J.: 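I am attaching a structure below and will ask some questions about it afterwards.
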Protein chains: 2
Amino acid sequence: MNDLANAPDLVSDSDEPKTLAETAYRQLRRDIIEGVHRPGEKLRVEHLKDQYEVGAGTLREALQLLVTDALVVAQGQRGFRVAPMSLDDFADITRTRVLLETSALQQSIELGDDAWEASVVAAFHMLSRAEDKLGDGSKASREEWEMRNRAFHEALIGACPSRWIRHFQNILYHQSERYRRLSLFRQPIPRDVHAEHQAIVDAALARNGAEATRILSEHILRTLEAVRQLPADFIN
Amino acid sequence: MNDLANAPDLVSDSDEPKTLAETAYRQLRRDIIEGVHRPGEKLRVEHLKDQYEVGAGTLREALQLLVTDALVVAQGQRGFRVAPMSLDDFADITRTRVLLETSALQQSIELGDDAWEASVVAAFHMLSRAEDKLGDGSKASREEWEMRNRAFHEALIGACPSRWIRHFQNILYHQSERYRRLSLFRQPIPRDVHAEHQAIVDAALARNGAEATRILSEHILRTLEAVRQLPADFIN
DNA sequence: TCAATAACTTTTCTCGAGATTTTTGTCTAT
DNA sequence: ATAGACAAAAATCTCGAGAAAAGTTATTGA
């Protein structure tokens, strides 16, 4: 296997925060994805430093980290803003995700070993369990599902040796979360997502790259359609 | 044409720096790409703040910006380092670039209008002129060529409506520059790059997407081969 | 009434000093 | 001689206050 597979990530994401700035960064990121801070909203350091209980410079650094994820945009001398949302943007994100994720899956299927297969099966199992608990409609169960859904998609491309594809993939996934949250709000899992995931797993384990990537593409694009059918003024 | 084509960039790059932090960021970026700061080198804020004549917090912010470009890696509580270089990494960068840039070129060819064609021809002309002046071997002429080469590649994918692909493409191009600098050091333009560019332009204007992307792929991958044939210890 | 200028307020940006954490160096005991 | 622990040094991280810029409101003149 390639050395890069074991190399540290481009941006540390799995580790727990070791610095105040990173803690504030995570809270802010969560709040932006959750919609606490609305798209386009101005993020004033003076107000937010009290809210997140850090110094001005520290919060500034947290905001800078969010610029890396493109969840915040910075305009020199004019402060920070929550990155705006639009249907066009989500379409762009989704198509780029398809491009990267299918390529990564293809490589995973070609290169993945037994351990990779096992991790895919395991992640799929965890996700299935989370789906069962989704019925209660609680926020906790949906967050659990979000996390495991992400873990599942990461496991699928886990054997892809390209650190860069995984890095970009990571950024786009965060972006998607912001939009997917909208689609879940109105129509909580109407699609038979489970069957789609099952089909991807089957094709992947059968080492059928063409089939797996085809299903994955449709799977990702379906979320775009779901958001498209929301009321037009939902994205503001 | 898509709205996104005229939307502001994800990270402002063309504008001139409006803040001290951004000025320091550009100088640092240049120095890292040029190899003044070697790969893996520790970047101590206390030393660098004098060298770049800014405060500690400001330099810190500049370093954070470089993390976005993945030219610097930050480890919580353990400071900053110049991103390491390796042949595997360059191979990864190059393959990912091919994936993104061919997709972008394909879309450009499908969607580009007359203005796009004109900009491609113009950029190619500028690049050709720069190639003529390359004979003197001066640093200025090589920098001019670098800039126009980049402008040419940007023009090619200029009609691609995906802001995200262009954003990632941008990051990868900066990364490539670091490595390409090495290959130019020993063998200054041995390949017939001009003919390759000409072939891409011809295919693009003929709206032959398959041919154009094929040539572009080979074109980009050739740089990888050039670096591969350098002495093994060149990348440290 | 409207436009342009000027003063004021708000916000961002910048700096230097103090508190934590990591790293380095030394010493002792097995 | 090596390993572990303790202490000193260096570096990072954090904070609050001052300087610069942007945005806002009020005033003045046509």
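Note on naming: letters A, B, ... go to the chains in the order of the sequence lines (proteins, then strands), and numbering restarts at 1 for each one. Computed from a predicted model, the values in this text were never measured in an experiment.
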J.: Could you go through B:Lys133 and B:Glu144, starting from their C-alpha distance and side-chain angles, then the distance that decides it, and tell me whether this counts as salt bridge (charged side-chain N to carboxylate O under 4.0 Å, His left out)?
T.: CA-CA 9 Å; B:Lys133 294 173 198 158; B:Glu144 187 76 22; over 6 Å; no
J.: Treat primed atoms plus P, OP1 and OP2 as sugar-phosphate and everything else as base, then score nucleotides 7-21 of chain D 5' to 3': B for base contact with protein heavy atoms under 4.0 Å, S for sugar-phosphate contact only, - for none.
T.: ----SBSBS-----S
J.: Below 30° counts as parallel, above 60° as perpendicular, anything between as tilted: where do the rings of B:Phe90 and B:Tyr179 land?
T.: parallel
J.: Around A:Asp50, counting heavy atoms of other residues, nucleotides and ligands shown, do more than 12 lie under 6.0 Å from its CG?
T.: yes
J.: Once you measure the plane-to-plane angle for B:His37 and B:Tyr52, does it fall in the parallel (<30°), tilted (30-60°) or perpendicular (>60°) bin?
T.: tilted
J.: Quick one: list whatever passes side-chain hydrogen bond (donor to acceptor under 3.5 Å, both in side chains) with B:Arg178, sequence neighbours left out.
T.: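 So B:Arg178 forms no side-chain hydrogen bond (donor to acceptor under 3.5 Å, both in side chains) with any residue.
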